[in-house]
> 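Take this structure, written in structure tokens, and hold onto it; I'll ask about it next.
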Amino acid sequence: QLPATTIVRIPADTPLRAALPAAAADLDTDCVWVLTRHTRPEPDALRHLSLTFGGTRRVLMAGPKLLAAQPGRLQRFGIQSTRTGRLRLRPRPGEPDQQQYDDRLDALAVPIEGALVHRAGLAELGGFDKAFTGVAADLDLGWRGHLAGRRVALAPRARVVLDEPLPHPTPVRDRRAARRVAITRAPWWAALFLALWVALGAIVAGISLLLIKRPRAAARELADVATL
């Protein structure tokens, strides 16, 4: 049985991630379910999201399976990244939902759309970092949560339809932002080595792609150097 809920509406012209911490601070509840005018949760979505918390404060947030408006198609389910900030977004938008990702129970981060967020945990982290937007802002929040000893959970049985697709990460902008998240959140003594590793890897990959005549892919790799 779910607890009583309170609905707080955020003006449409207010950026969601900027407004969420202040809106959540005024609530007397453990968690905040973030919905927008483009989200259509299935009737049992909140129950499945709530079950991931299991009475522990270790969970920072839980993300549902985000579905495309086209029936049977996936939009996004969690956000993954390598330690160097290379995004690993699976599933791809429009991929058929055949329960192939239902064994996932944890992620580095989740999209804020449709997520159930622990109110006190969000406050402890100071909300979203204004230096990042979109998928990078979500990645940064989850990354900081992990560093603080918290877990980002996935709830494959919680399904939320997105009437408007999430912005697909652009090859250059979001790659750069994700790299900056990784470098920013690395320990100070490791940030220099991480930056050098990113630069070296990007240069090697870029040259290799040029040799096999893939200039656009090479440009995307070399763009990572601009994050440093």
Side-chain angles (χ1 to χ4, degrees), residues 2-53 59-79 87 89-97 101 107 109-119 121-123 125-142 145 152-170 173-174 177:
L2 296 175
T5 57
T6 300
I7 297 176
V8 176
R9 298 185 184 277
I10 296 174
D13 59 348
T14 303
L16 176 61
R17 293 172 181 82
L20 181 59
D26 294 333
L27 298 175
D28 183 19
T29 182
D30 290 335
C31 297
V32 178
W33 194 17
V34 185
L35 299 175
T36 72
R37 65 182 184 275
H38 301 302
T39 54
R40 286 189 291 115
E42 293 190 351
D44 59 354
L46 181 55
R47 180 171 66 86
H48 288 301
L49 287 169
S50 300
L51 289 174
T52 64
F53 283 79
V59 177
L60 170 64
M61 56 200 309
K65 181 186 290 185
L66 296 176
L67 304 175
Q70 182 181 359
R73 300 287 176 171
L74 295 164
Q75 177 66 220
R76 192 166 295 168
F77 188 39
I79 301 171
L87 287 172
L89 297 180
R90 295 291 187 275
R92 293 184 179 277
E95 186 176 331
D97 182 13
Y101 299 105
V110 296
I112 194 60
E113 292 85 354
L116 186 64
V117 184
H118 192 272
R119 189 177 63 86
L122 181 67
L125 294 175
F128 290 89
D129 191 325
K130 296 179 181 179
F132 303 108
T133 60
V135 66
D138 296 338
L139 175 64
D140 177 70
L141 181 66
V152 177
L154 294 176
R157 297 182 66 185
R159 298 158 61 90
V160 175
V161 177
L162 292 177
D163 288 327
E164 181 175 292
L166 292 175
H168 189 65
T170 60
R173 184 192 63 192
D174 290 299

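Note that the structure is predicted; figures quoted are calculated from it, not measured. Just so you know, these numbers use all the heavy atoms, side chains as well, and skip hydrogens, waters and symmetry mates. If you read the sequence from its start, that first residue is 1, and numbering goes on from there.
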> Could you state the interatomic distance from CG (L66) to OG1 (T39), rounded to the nearest 0.5 Å?
9.0 Å
> Test of understanding: with side chain to side chain contact (heavy atoms under 4.5 Å, CB included), list the residues that count as partners of A123, not counting sequence neighbours.
none
> Report the distance from atom CH2 of W33 to atom OG1 of T6, rounding to the nearest 0.5 Å.
14.5 Å
> Ignoring hydrogens, what is the shortest heavy-atom contact between L60 and G121? Give both atom names and the distance.
CD1-C, 3.7 Å
> Report the residues that fulfil salt bridge (Lys or Arg N to Asp or Glu O under 4.0 Å) with D163, sequence neighbours left out, ordered by chain and then residue number.
R40
> Check whether any side-chain heavy atom of V32 lies under 4.5 Å from a side-chain heavy atom of L122, and answer yes or no.
no
> Closest approach of R76 and V135, non-hydrogen atoms and distance?
NH1-CG2, 4.2 Å
> Is the shortest side-chain heavy-atom distance between Y101 and P156 below 4.5 Å?
no
> Holding to side-chain hydrogen bond (donor to acceptor under 3.5 Å, both in side chains), I want the full list of residues that pass it with D138, two or more places apart in sequence or in another chain.
R17
> Might you work through the side-chain contact (heavy atoms from CB on, under 4.5 Å) test for D26 and V8, ending with a clear yes or no?
CA-CA 9 Å; D26 294 333; V8 176; over 6 Å; no
> Looking only at non-hydrogen atoms, find the nearest pair between M61 and F53 and report the distance.
CA-CZ, 4.2 Å
> Not counting sequence neighbours, which residues clear side chain to side chain contact (heavy atoms under 4.5 Å, CB included) with P96? List them please.
R73, Q98
> Please list, chain by chain and in numerical order, all residues satisfying salt bridge (Lys or Arg N to Asp or Glu O under 4.0 Å) with D97, sequence neighbours excluded.
K65, R159
> Sequence neighbours excluded, which residues qualify as side chain to side chain contact (heavy atoms under 4.5 Å, CB included) partners of A158?
A45, H48, L49, P64, A155
